Amino acid sequence: MSAPAKLPPFDPGDPIGIDDLLDPEELAVRDTVRAWAADRVLPHIAQWYESGELPGIRELARELGSLGALGMTLDGYGCAGASAVQYGLACLELEAADSGIRSLVSVQGSLAMYAIHTYGSEEQKQRWLPSMAAGETIGCFGLTEPDVGSDPAAMRTHAKKDGTDWVLSGRKMWITNGSVAGVAVVWARTDEGVRGFAVPTDTPGFSAPEIKHKWSLRASVTSELVLDDVRLPADAVLPGVTGLKGPLGCLSHARYGIVWGAMGAARSSFEAALEYARTREQFGRPVGGFQLTQAKLADMALELHKGILLAHHLGRRLDAGRLRPEQVSFGKLNNVREAIDICRTARTILGANGISLEYPVMRHAGNLESVLTYEGTVEMHQLVLGKALTGLDAFR
C-alpha cells in the first residue's frame, strides 16, 4: 500500500484551493490586473475617494486598454477576445482596488462597447470599437432616468424621425463615465419601440453635468445626461435590436462582471480584517486569538470563497454558452449581499479603525451600497428568481 500523498500547506488566501480550477492563462490575467491595480490605484485610492474625484481617468482608461481590459470578451476591432472567466478575474481584481475602477471598465466594455458590438452596424463598430478598446474613447450607457429606474419600459426619453434624421430629447441619470465620454449609447422610446443610439457627445444639444455630493462610488465619474433636441443622422441608430431586450441584454452581461467584482471588495475587506486580527493586541494577546473573532473570520471566509466558486461556475457556463439571465440574477443577488455583510463584519473586527480611510473596509462598504442597487436592485433580482421558480409573474 503506497503512502498517502503529502498535502499542500493550508493557504489562508485560498483555503479551498480555487486556484486549482484556473489554467495558467487565467492566472496570468489575474496576476497582471492585480499588479496594475497595486501600482496605479491602491497608492492613491484613499485620496481619490476622500476628494470625490478620479483624476487622470483618461490616462487610466488608456492603460486599461493596453492591458486588454476594455471590451475584454468581445472579438475583433482591437478587443482581446478573452474568456468570461478571464474577464471575471479581472473584475475581481479591479474591484478589490475600488468599485469605481471596476465600474469604469464594466460600463465601457459590458455596456457601451457590448451594445455597439452586439447591435451596431459594421460602420458603427469600425467607427467606435477600436478607439474604445484602446481607451482612447470613453463610452457611457444611458438607460436610467431621474424618475425611472427599475421600470425601463416607463422611460420618457424619446426619439422622433424628422426627415431622415432622428431628434432625441430627454434626461438620463446616474450615468457612469458620462462627463468624460466621447460616445453615449442612449436608449429612447420611438414609434417603433425602444431603440438604441450611438450619440457622439459633442453633438449640439447634448450635455453631461457631473453629479456631486455622492457618499458612494466617490472615485468614479457619475453624471446626468441631458438631451435637448439632439439631432442625429439615420445611421446613429443601432440597427440590430428593437425593444427592451436590447438594453436588458447589455445589463445581463454587465451584471455578470459584478458577480465577480463584489467578491473583490469582500476579499480586500477580509484580508484587512485578518491582518488586523493577527497584529492588534487587546487583553494581552492578538484579537484574532479570541473565539468570537475567529468565528467572524471563519464565517467571512466561507461566504467569500463560496461566492468566488459561484462566480467561477457562472463564468464557465457563460463560456459554454449556457448562462441564463436568471442565473446571473442568482449570482448578483447573493454575491453583492454577502460582500456587504463581509465588509460590515470586517469593520467590527477593526473597531474604530474600521471607519478610517487608512483601511479599505468602510470605502468598500460604502461603494457596495451602490453596487447593491445598480443594474438591478435586490428586490428585482428576488422577483426574477421568484418568477423562474414558481412560473408566476409578480412584477405587475
Side-chain angles (χ1 to χ4, degrees), residues 70-82 84 87 105-134 137-145 148 151-155 157-161 164-168 170 172 175-178 181-201 203 206 225 227 230-258 318-319 321 323-325 328 374-376:
L70 303 179
M72 192 169 174
T73 61
L74 305 179
D75 291 316
Y77 310 99
C79 301
Y87 173 60
V105 170
S106 288
V107 170
Q108 177 84 345
S110 293
L111 291 177
M113 292 178 68
Y114 182 84
I116 294 170
H117 191 276
T118 306
Y119 306 122
S121 67
E122 184 60 30
E123 291 76 13
Q124 289 167 336
K125 296 175 189 178
Q126 294 287 354
R127 177 180 181 184
W128 295 113
L129 292 180
S131 65
M132 295 177 79
T137 298
I138 295 176
C140 66
F141 186 87
L143 180 62
T144 299
E145 298 187 356
V148 178
D151 184 15
M155 72 173 68
T157 299
H158 60 274
K160 293 188 176 183
K161 278 283 189 69
T164 60
D165 290 347
W166 289 92
V167 179
L168 275 66
K172 301 294 182 179
I175 308 302
T176 297
N177 300 346
V183 61
V185 174
V186 175
W187 300 91
R189 291 187 296 106
T190 75
D191 291 340
E192 308 162 3
V194 172
R195 301 299 302 269
F197 297 84
V199 183
T201 59
T203 306
F206 180 97
L225 305 185
L227 300 107
V230 174
R231 182 173 291 272
L232 298 169
D235 61 6
V237 69
L238 303 181
V241 70
T242 300
L244 284 174
K245 64 182 179 180
L248 295 181
C250 299
L251 287 173
S252 184
H253 192 70
R255 288 165 182 155
Y256 164 76
I258 292 173
L318 181 53
D319 279 326
L323 184 64
R324 293 187 55 84
V328 179
Y374 73 24
E375 298 184 32

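What you see below is based on every heavy atom in this structure, not just the backbone, and it leaves out hydrogens, waters and symmetry mates. Keep in mind it's a predicted model, so treat the numbers as computed, not measured.
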message: Do M132 and V183 make a side-chain contact, defined as non-hydrogen atoms from C-beta onward lying under 4.5 Å apart?
response: yes
Within-4.5 Å side-chain heavy-atom neighbours: W187 and M155: yes
As an exercise, state the distance from [atom1] of [X] to [atom2] of [Y], rounded to the nearest 0.5 Å.
X    : Y    : atom1 : atom2 : answer
R127 : D235 : CZ    : CG    : 7.5 Å
Y77  : L129 : OH    : CG    : 7.0 Å
R189 : L168 : CZ    : CG    : 11.5 Å
L318 : T73  : CG    : OG1   : 7.5 Å
I116 : F141 : CD1   : CZ    : 10.5 Å
W166 : L232 : CH2   : CG    : 10.5 Å

Looking only at heavy atoms, what is the nearest atom pair of [X] and [Y], with distance?
X    : Y    : result
F206 : V230 : N-CG2, 3.7 Å
D165 : P233 : OD1-CA, 3.8 Å
S252 : P325 : OG-CA, 4.0 Å
Y87  : G257 : CE2-CA, 4.2 Å
T137 : G182 : CG2-CA, 4.1 Å
G71  : C79  : O-CB, 3.5 Å

message: I need the single residue from V185, T157, T190 that forms a side chain to side chain contact (heavy atoms under 4.5 Å, CB included) with F197. Which is it?
response: T190
Backbone N or O of [Y] within a donor-acceptor pair of the [X] side chain at under 3.5 Å?
X    : Y    : answer
K172 : L143 : yes
H117 : D75  : yes
S131 : W128 : yes
Q108 : C140 : no

task: Please work out which of the three classes, parallel, tilted or perpendicular, describes the rings of Y114 and Y119, given edges at 30° and 60°.
output: perpendicular
query: Going through the distances and angles, do R231 and T203 end up as a side-chain contact (heavy atoms from CB on, under 4.5 Å)?
result: CA-CA 8 Å; R231 182 173 291 272; T203 306; 5.8 Å; no
query: Where do S106 and Y256 land on the side-chain contact (heavy atoms from CB on, under 4.5 Å) test, with the steps shown first?
result: CA-CA 10 Å; S106 288; Y256 164 76; over 6 Å; no
- prompt: Does the side-chain contact (heavy atoms from CB on, under 4.5 Å) test come out yes or no for L70 and V105, once each step is laid out?
  reply: CA-CA 6 Å; L70 303 179; V105 170; 4.1 Å; yes
message: Do Y374 and T176 pair up side chain to side chain, a donor and an acceptor below 3.5 Å, judged on atom types alone?
response: no
message: What verdict does the salt bridge (Lys or Arg N to Asp or Glu O under 4.0 Å) test give for R255 and E375, after you've listed the backbone C-alpha separation in whole Å, the side-chain angles of each residue and the deciding distance to 0.1 Å?
response: CA-CA 7 Å; R255 288 165 182 155; E375 298 184 32; 5.3 Å; no
task: Please step through side-chain contact (heavy atoms from CB on, under 4.5 Å) for the pair L238 and Q124, ending with a clear verdict.
output: CA-CA 8 Å; L238 303 181; Q124 289 167 336; 3.5 Å; yes
